[in-house]
Amino acid sequence: MFHFVANLKDYTYHRGRGVRRFDSYLLSVDFINAQNRLALKAVASGHTLVADNGNFDRIRALIRENRSAMAAIEAARKEEEKQLDRYARPGDLTPGLVERYRRFAHSLAISQRTATSVVQVREVVQQQSALNPRYLIGMEDLTLPALTALGVEPEYAQLGEDFYAELVGRALEYSARTERGEFGEPRGAVFAGLHAQDLDSARLGGMIAGMQEVAGIASGLGGALADRSYVDFRIANGELISLPRSIPRPYLRVAEIAAGFHLGYAESTGRRLRFHSLGVGTPILLVLLAALGDVDTLLASDSTAPIADAWLTPTIGLYVHEPATLKLKAHRISEYWLSDGLAWNCRCPYCRRFNADHPPDIEGARHWWQAQGQRRLQNYDMHSKSALPTFLPLLGFHKDPVLSRQAALARVGHNHWVLGRIERAARAATVNPGHLLGWAENAVQAYLDSAAGTAWKAAVAIAWSLTRDAAQQLRDVEPTPPGWTRVRR
């Protein structure tokens, strides 16, 4: 059963009159002091609480520490790619450059063997357990998320299975020791924190985790979405598969990792995997992730994206699920509206309430746009230095901090409302396995028929193809029933 796991904040829990709360919430140990009372309230009210380990900042620090060392290697690789006149594939780079990548990867992996002390793990586990969670995210080895962020791709370093197996083994050791109570008595199940870089490394990780009979796997995929590289091939079962065109790598990587963990775990156990993807909130990707599920086995994803897109990034993003599952840029919504296209008449409670208090002045906005020569709008047109947000208050930032916060919270509420609709649609379709794939297929086709960018459409089509294949392989795999948690105290 698919769950979108909202980050626990006052405005995601107290969602307004008549708006249903999410079933599941995530809280990182980084925010325990600020949200402890709310966490206890959520647990007491019967919500599933997931306790994250707070490794996000540690991963970012590790990336910063190693970025300069990687810069020279990356420059050398780009020079070789110029000679190739395409993206490097396995076997393309010179042996000397491959060796430089390998040495870097192994050095980073060795440094992580002792990077996390027993004292640190014990402190994190105790903080997680104090929340009385339904399940907690086990301590991770941080090598792979750092390598991915630093651009050390499998085709560059040509690392063997032993390298990935060792990293998986470290994370599984953390998980097993946490389960045994070596870091303090854990409350809730322990999901092993595993990472991968592609389908094959994820499949290997899923198989090893299955042999260890872990309660579940949690995998950080936010770093994969932050990747800005393009690729024109993928690897499956060690074989190179050429893609019909170059595509952005993030969506493909998310799909490969999620599918790989599911397939590997099923191969070694004969059962479905309880899986939590950390950091995925892109609407169309939630459709793909949900397609890997069934009616009984936990399948979850959390993300701060609906908050960041609505409030914290220079380009405001609003989600829609009809007629297609998309993320729309606020300045593009505005331009379409001003061009006599569809108005932003969203009927979600957040948009309705805000617009009732701060109605848009579309004629004023059109006069402003005419004075601008009806040019293409940019993200900065929705910022407080522009006059446009005064006419379209919901879609912009404002000089008045109170109004700006109100508009941002309305957009945050809207984005979560859309993700809730996707969650409920996925659950309704999951009751019948045949319906689930049909629902996902229709959602993907609607995306492909939309105005999304050509490269991203191609990425979704390819990611969906491999997700659908994995889902079909999993169709007859036994579910893992939900009765798996310890009794909550």
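Gln120 contributes a side-chain N or O that, together with a main-chain N or O of Ser117, makes up a donor-acceptor pair within less than 3.5 Å. Checking side-chain atoms of Ser242 against main-chain N and O of Phe233 turns up no donor-acceptor pair under 3.5 Å. Between the side chain of Asp200 and the backbone N or O of Gly238 there is at least one donor-acceptor pair closer than 3.5 Å. Distance alone, capped at 3.5 Å, is enough to place a donor-acceptor pair between the Ser268 side chain and the Tyr265 backbone. A donor-acceptor pair is defined here as one N or O able to donate and one able to accept, closer than 3.5 Å; no such pair exists between the side chain of Ser465 and the backbone of Ala461. Listed for the Ser107 side chain is no donor-acceptor partner under 3.5 Å among the backbone atoms of Arg103. With hydrogens and angles disregarded, a donor-acceptor distance shorter than 3.5 Å links the side chain of Ser450 to the backbone of Tyr447. Looking at Asp294, its side chain does come within 3.5 Å of a backbone N or O of Asp296 through a donor-acceptor pair. Side chain of Ser219 to backbone of Leu194: a donor-acceptor contact under 3.5 angstrom is found. Judged by distance alone, the side chain of Asp309 and the main-chain N or O of Tyr319 form no donor-acceptor pair under 3.5 Å.
Using a 4.0 Å cut-off between a side-chain N of Lys or Arg and a carboxylate O of Asp or Glu, Arg271 and Glu213 do not qualify as a salt bridge. Salt-bridge check for Arg77 with Glu74: passed, with a basic side-chain N closer than 4.0 Å to an acidic carboxylate O. Using a cut-off of 4.0 Å between Lys/Arg side-chain N and Asp/Glu carboxylate O, Arg234 and Asp198 are scored as not salt-bridged. Ion pairing of Arg272 with Glu478 is absent here, as no side-chain N (NZ or NE/NH1/NH2) approaches a carboxylate O to less than 4.0 Å. A salt bridge is defined here as a Lys NZ or Arg NE, NH1 or NH2 lying under 4.0 Å from an Asp or Glu carboxylate O, and Arg203 with Glu267 meets this definition.
Counting only heavy atoms from C-beta outward, the side chains of Thr297 and Leu273 never approach each other to under 4.5 Å. Leu27 is not listed as a side-chain neighbour of Asp52, based on a closest heavy-atom distance of 4.5 Å or more. With a 4.5 Å cut-off on side-chain heavy atoms, Thr480 and Leu298 do not count as touching. Residues Phe22 and Thr48 fail the side-chain proximity criterion, which asks for heavy atoms closer than 4.5 Å. Side-chain contact between Ile284 and Thr282 is present, with at least one heavy-atom pair separated by less than 4.5 Å. Two residues are said to be in side-chain contact when any heavy atoms from C-beta on lie closer than 4.5 Å; Ile257 and Leu199 fail this criterion. The shortest distance between side-chain heavy atoms of Ile235 and Pro154 does not fall below 4.5 Å. Between Leu419 and Leu286 the shortest side-chain heavy-atom distance falls below 4.5 Å.
Between Trp311 and Tyr11, the angle of the ring planes lies from 30° to 60°, which puts this pair in the tilted group. Between Tyr25 and His47, the ring planes are perpendicular. Angles over 60° get that label, and only those under 30° would be called parallel. Using cut-offs of 30° and 60° on the angle between ring planes, the pair Phe261 and Phe275 is tilted.
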With side-chain contact (heavy atoms from CB on, under 4.5 Å) as the test, would you mind laying out the steps for Val168 and Leu204 before giving the verdict?
CA-CA 9 Å; Val168 170; Leu204 175 67; 5.9 Å; no
Derivation and outcome, side-chain contact (heavy atoms from CB on, under 4.5 Å), residues Lys329 and Ile316:
CA-CA 6 Å; Lys329 297 173 181 177; Ile316 296 171; over 6 Å; no
Working note: Lys9 + Leu38, criterion side-chain contact (heavy atoms from CB on, under 4.5 Å); need CA distance, chi angles, decisive distance, verdict.
CA-CA 8 Å; Lys9 298 181 182 295; Leu38 188 58; 5.6 Å; no
Check the pair Arg113 / Glu166 against salt bridge (charged side-chain N to carboxylate O under 4.0 Å, His left out), numbers first and verdict last.
CA-CA 10 Å; Arg113 290 175 183 171; Glu166 179 185 347; 3.1 Å; yes
Between Asn415 and Arg411, is a side-chain contact (heavy atoms from CB on, under 4.5 Å) present by the stated rule, with each step listed?
CA-CA 6 Å; Asn415 283 352; Arg411 295 190 298 265; 5.5 Å; no
Given Thr454 and Arg245, is the side-chain hydrogen bond (donor to acceptor under 3.5 Å, both in side chains) satisfied, shown in steps?
CA-CA 10 Å; Thr454 303; Arg245 58 158 292 164; 5.3 Å; no
Run the side-chain hydrogen bond (donor to acceptor under 3.5 Å, both in side chains) check on Gln158 and Tyr101 step by step: do they pass?
CA-CA 9 Å; Gln158 297 288 284; Tyr101 270 110; over 6 Å; no
Worked check of side-chain hydrogen bond (donor to acceptor under 3.5 Å, both in side chains) between Gln112 and Asp141:
CA-CA 7 Å; Gln112 289 307 295; Asp141 181 280; over 6 Å; no
Walk me through whether Gln128 and Asn53 qualify under side-chain hydrogen bond (donor to acceptor under 3.5 Å, both in side chains).
CA-CA 7 Å; Gln128 290 174 306; Asn53 56 31; 5.8 Å; no
For Arg60 and Glu65, what are the C-alpha separation, side-chain angles and deciding distance, and is it a salt bridge (charged side-chain N to carboxylate O under 4.0 Å, His left out)?
CA-CA 9 Å; Arg60 290 200 301 183; Glu65 293 167 7; over 6 Å; no
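In this structure, Arg274 fails the cation-pi test against Phe191, since its NZ or CZ atom is not both closer than 6.0 Å to the six-membered ring centre and inside 45 degrees of the ring normal.
When each of Arg86, Arg249, Arg89 is tested with Asp232 by the rule salt bridge (Lys or Arg N to Asp or Glu O under 4.0 Å), just one qualifies, namely Arg89.
Residue Leu144 comes nearest to His195 through the heavy atom pair CD1-O, 3.4 Å, listed as atom of the first residue, atom of the second, then distance. The two residues Val431 and Val295 come nearest to each other via the heavy atoms CA-CG2, 4.3 Å. What you find for Leu278 and Asp302 is that their closest heavy atoms are CD2-OD2, 3.2 Å. The two residues Phe4 and Pro306 come nearest to each other via the heavy atoms CZ-CG, 4.2 Å. In plain terms, the two heavy atoms of Gly206 and Ile217 that are nearest each other are CA-CD1, 4.3 Å. Between Gly279 and Leu225, the shortest heavy-atom distance links the atoms O-CD1, 3.6 Å.
No more than 12 heavy atoms of other residues, nucleotides or ligands sit less than 6.0 Å from atom CG of Asp476. With a 6.0 Å radius and a threshold of 12 heavy atoms from other residues, nucleotides or ligands, Phe163 has its CZ atom above the threshold. With a 6.0 Å radius and a threshold of 12 heavy atoms from other residues, nucleotides or ligands, His435 has its NE2 atom at or below the threshold. In the displayed structure, Glu182 atom CD is contacted under 6.0 Å by more than 12 heavy atoms of other residues, nucleotides or ligands.
Annotation: Trp456 is in aromatic contact with Tyr251 [ring centroid separation under 6.0 Å]. Checked against a 6.0 Å centroid threshold, the rings of His416 and Tyr350 do not count as neighbours. No close placement of the Tyr87 and Tyr230 rings is indicated, their centers lying 6.0 Å or farther apart.
Rounding to the nearest 0.5 angstrom, the gap separating the CG atom in Asp23 from the CD atom in Glu423 is 6.0 Å.
Looking only at atom types and distance, the side chain of Asp469 has no donor-acceptor partner in the side chain of Gln473 under 3.5 Å away.
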